[in-house]
Amino acid sequence: MLDLKFIQKNPEKVQEALRKRRVDLNIQDFLALDEKRRSIIQEVEALRRQLNAQSKEVAKLKSKGEDASNLVDELSKISDKIKKLEKEKKQIEKELFDFRARIPNILAPDVPEGDDEKDNVEIKKWGEKPNFDFEPLPHWDIGTKLKGLDFERAAKLAGSRFALYFSWAARLERALINFMLDVHTREHGYVEVLPPFIVNSQTMFGTGQLPKFEEDLFKLEGWDYYLIPTAEVPVTNIHSNEVLKEEDLPIAYTAYTPCFRSEAGSYGKDTRGLIRQHQFNKVELVRFAHPDKSYDELELLLSHAETILQRLGLHYRVVVLCSGDLGFSAAKTYDIEVWLPGQNAYREISSCSNFEDFQARRANIKFQPKNSKKKEFVHTLNGSGLAVGRCLVAILENYQQKDGSVRIPDALVPYMDGVSIIKP
RNA sequence: GGAGAGGUGGCCGAGUUGGUCGAAGGCGCUCGCCUGCUAAGCGAGUAUAGGGUUAAAACCCCUAUCGAGGGUUCAAAUCCCUCCCUCUCCGCCA
């Protein structure tokens with residue numbers, strides 16, 4: 001959510017951001033409505049002032065035992081008028097709020113302009129693509145041949161876009177979760193959190209999933225409950241409606257959760273394998289930062305996510321999302337894309353974003369600066385550290401051997417009870 | 001699921017025959033004074049949002065906010081309705 005005053009004072013900046021994001025919204029419509037709102041407020045408040053003052057007169061007259069019926073009649077008319085105007089005002093405010101809730105965040109100045117993911121800009125690469133003296137297989141072939149992944153039975157249980165893990169695969173998924181959490185808590189200073197996997201609509205609003213993206217979520221029928229699409233949602237909202245201490249910043253949380261996404265509108269995309277599932281596991285990193293430091297913290301966050309891939313010896317690149325590909329709430333986002341030889345492509349495995357005060361304003365998360373009376377909104381950041389299922393995919397595809405076996409990266413061997421290779 | 005109690009400012013806590021309550025009192029905090037010592041005392045201040053004023057801000061003025069929303073009334077923290085949350089007891093359950 002953008003600050004109302006910011007929109008009023010910088011309509012051209014907001015319009016420019018909308019244009020760069022390829023979003024068709026006209027800020028002039030918003031401003032006209034806001035103008036109307038202010039004129040009604042002025043009228044209402046003048047009337048109310050009169051009403052308040054004269055109501056006291058009534059009280060005085062009555063306490064003296066005098067008749068006040070004339071005055072009461074007159075005030076009754078004013079009161080009616082106020083009620084009518086209040087109704088109108090409420091309607092306009094609702095429209096303004098709905099409008100504002102659908103305006104995406106403004107962009108960081110260094111976000112490249114572009115239409116979609118084709119215009120994202122690669123900023124670095126780490127490691128090398130592995131060489132194979134055979135044709136590398138996609139992970140769904142590797143995983144099913146090794147009897148670790150079973151998509152057919154998963155479909156029987158729940159439908160498409162679900163997976164069933166057995167034996168070494170289930171263990172590997174769990175190993176990855178523990179490995180990631182250990183690195184982030186022991187080495188990167190994050191506090192581990194285990195949040196609810198179901199949240200209410202207020203919480204979904206706080207991080208920007210609602211009202212605009214309801215169709216991406218799973219909602220529980222008959223309840224104001226949604227399955228979380230990412231740990232970002234419950235973890236960022238931990239401090240909603242709170243005032244944090246400046247000296248406590250930055251606050252850093254890491255959380256493992258399953259993530260649930262409807263994947264509406266992705267029909268036909270990534271239909272095979274683990275890449276795009278209705279349910280997947282993710283270890284998330286969330287930071288609450290001082291506004292002056294949030295972009296430094298974004299670099300830090302990115303490096304924390306990268307560490308995991310480096311320890312696993314997986315080749316990746318980092319891209320900056322262009323304006324047209326940037327998420328609704330984010331001001332700037334880095335995607336980490338891991339190399340998948342089985343698909344001969346880089347695929348997103350982490351997305352690290354600075355939301356500046358956009359989520360903080362929605363969720364009302366402030367801090368009290370030491371040298372100012374005025375409370376300010378914190379900046380929120382988050383990033384995957386990492387998507388666990390896709391990480392398992394990357395291991396299978398990058399560490400596959402000619403004989404169909406898969407090596408386990410050294411860093412994970414202790415988490416696999418010493419198993420260093422998965423054999424047919 | 002059944003029965004009961006309750007939600008007031010940073011915290012504690014008054015206030016329910018509607019009016020002088022944005023709200024007593026206490027604590028905490030901030031600033032100043034005083035004090036030969038990290039105390040006590042004295043004084044002042046101490047919410048958020050919106051509107052107006054301003055080049056902008058501070059100040060100032062106004063309006064709203066006593067869990068949320070709606071209603072009654074000239075007027076509601078106080079009355080009525082709906083919802084949410086917390087606590088206690090019983091039941092059930094991992």
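Since we're looking at a predicted model, the values are computed, not measured. In the text below, chain A, chain B and the rest are named by the order of the sequence lines, each starting its count at 1.
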Next on the checklist: Taking atom NZ as the centre, does A:K219 end up with more than 12 heavy-atom neighbours from other residues, nucleotides or ligands that are less than 6.0 angstrom away?
Outcome noted: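 More than 12 within 6.0 Å, yes.
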
Checklist entry - Should we say atom NZ of A:K36 is surrounded by more than 12 heavy atoms from elsewhere, each under 6.0 Å from it? => result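 No - once you tally the heavy atoms of other residues, nucleotides and ligands closer than 6.0 Å, there are 12 at most.
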
Pairs under 3.5 Å (N/O, protein and nucleotides 19-23 of chain B):
from	atom 1	to	atom 2	distance (Å)
B:G19	N2	A:S55	O	3.3

Where the side chain of [X] meets the backbone of [Y], is there a donor-acceptor pair that is under 3.5 Å apart?
| X | Y | value |
| --- | --- | --- |
| A:Q54 | A:L51 | no |
| A:H278 | A:R261 | yes |
| A:Q279 | A:F260 | no |

Spacing of [X] atom [atom1] relative to [N] atom [atom2], expressed in whole Å:
| X | N | atom1 | atom2 | answer |
| --- | --- | --- | --- | --- |
| A:E242 | B:G10 | CD | C1' | 13 Å |
| A:K366 | B:A47 | NZ | P | 13 Å |
| A:E43 | B:A64 | CD | C1' | 17 Å |
| A:N241 | B:G67 | CG | P | 16 Å |
| A:D80 | B:A75 | CG | C1' | 14 Å |
| A:D3 | B:G50 | CG | P | 8 Å |
| A:E74 | B:C74 | CD | C1' | 10 Å |
| A:Q202 | B:G69 | CD | P | 12 Å |

Checklist entry - B:U65 and B:G19: how far apart are their P atoms, nearest whole angstrom? => result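 Those two atoms are separated by 16 Å.
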
Next on the checklist: Can you work out whether A:R49 or A:V72 has the more 5'-proximal nearest nucleotide on RNA chain B?
Outcome noted: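 Checking each residue's closest nucleotide, the 5'-ward one belongs to A:R49.
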
Checklist entry - Quick one: on RNA chain B, does A:K375 or A:L71 contact a more 5' nucleotide (nearest heavy atom)? => result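 In this pair, the answer is A:K375.
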
Should the ring pair [X] and [Y] be called parallel, tilted or perpendicular, given that the plane angle runs from 0 to 90° and is split at 30 and 60?
| X | Y | result |
| --- | --- | --- |
| A:F97 | A:F205 | parallel |
| A:Y225 | A:W223 | parallel |
| A:H239 | A:Y253 | parallel |

Item to check | salt bridge (charged side-chain N to carboxylate O under 4.0 Å, His left out) assessment of A:E74 paired with A:K77 | outcome: CA-CA 5 Å; A:E74 197 184 320; A:K77 283 177 198 149; over 6 Å; no

Pairs under 3.5 Å (N/O, protein and nucleotides 81-85 of chain B):
none

Checklist entry - Between A:F288 and A:F367, is the gap from one ring center to the other below 6.0 Å? => result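 Not close enough - the centres of the two rings lie 6.0 Å or further apart.
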
Checklist entry - Are A:H304 and A:Y190 close enough that their ring centers fall under 6.0 Å? => result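 Centroid distance A:H304-A:Y190: below 6.0 Å, so yes.
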
Checklist entry - Looking across every strand, which nucleic acid part, if any, lies under 4.0 Å from A:L51 by heavy atom: base, sugar-phosphate, or nothing? => result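 Result for A:L51 = sugar-phosphate.
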
Checklist entry - Hey, does A:N52 reach any base, or is it just sugar-phosphate, or nothing, if we go heavy atoms under 4.0 Å? => result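 The residue A:N52 makes sugar-phosphate contact but no base contact.
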
Checklist outcome for this item: Pairing string of RNA chain B (Watson-Crick or G-U wobble, both atom distances under 3.5 Å; | = paired to other strand) is ((((((((.[[[..)...(.....]]]((((((.......))))))((((((.......)))))).[[[[[..)....]]]]])))))))....

Nucleotide N/O of nucleotides 70-72 of chain B paired with protein N/O under 3.5 Å:
from	atom 1	to	atom 2	distance (Å)
B:G70	OP1	A:K90	NZ	2.0

Heavy-atom check, side chain of [X] versus side chain of [Y], under 4.5 Å:
| X | Y | value |
| --- | --- | --- |
| A:R37 | A:L33 | no |
| A:V14 | A:I103 | yes |
| A:P369 | A:H290 | no |

Next on the checklist: Between A:S76 and B:U73, is there a contact of a side-chain N or O with OP1 or OP2 at under 4.0 Å?
Outcome noted: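 No, no such contact exists.
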
Dump every N/O contact between nucleotides 51-57 of chain B and the protein below 3.5 Å, one line per pair.
from	atom 1	to	atom 2	distance (Å)
B:G51	OP1	A:R37	NH2	3.1
B:G52	OP1	A:R38	NE	3.4
B:G52	OP1	A:Q42	NE2	3.4
B:A57	OP1	A:K9	NZ	3.3

Item to check | Neighbours of RNA chain B within residues 93-103 of chain A, by heavy-atom distance under 4.0 Å | outcome: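 None, since no heavy atom is under 4.0 Å.
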
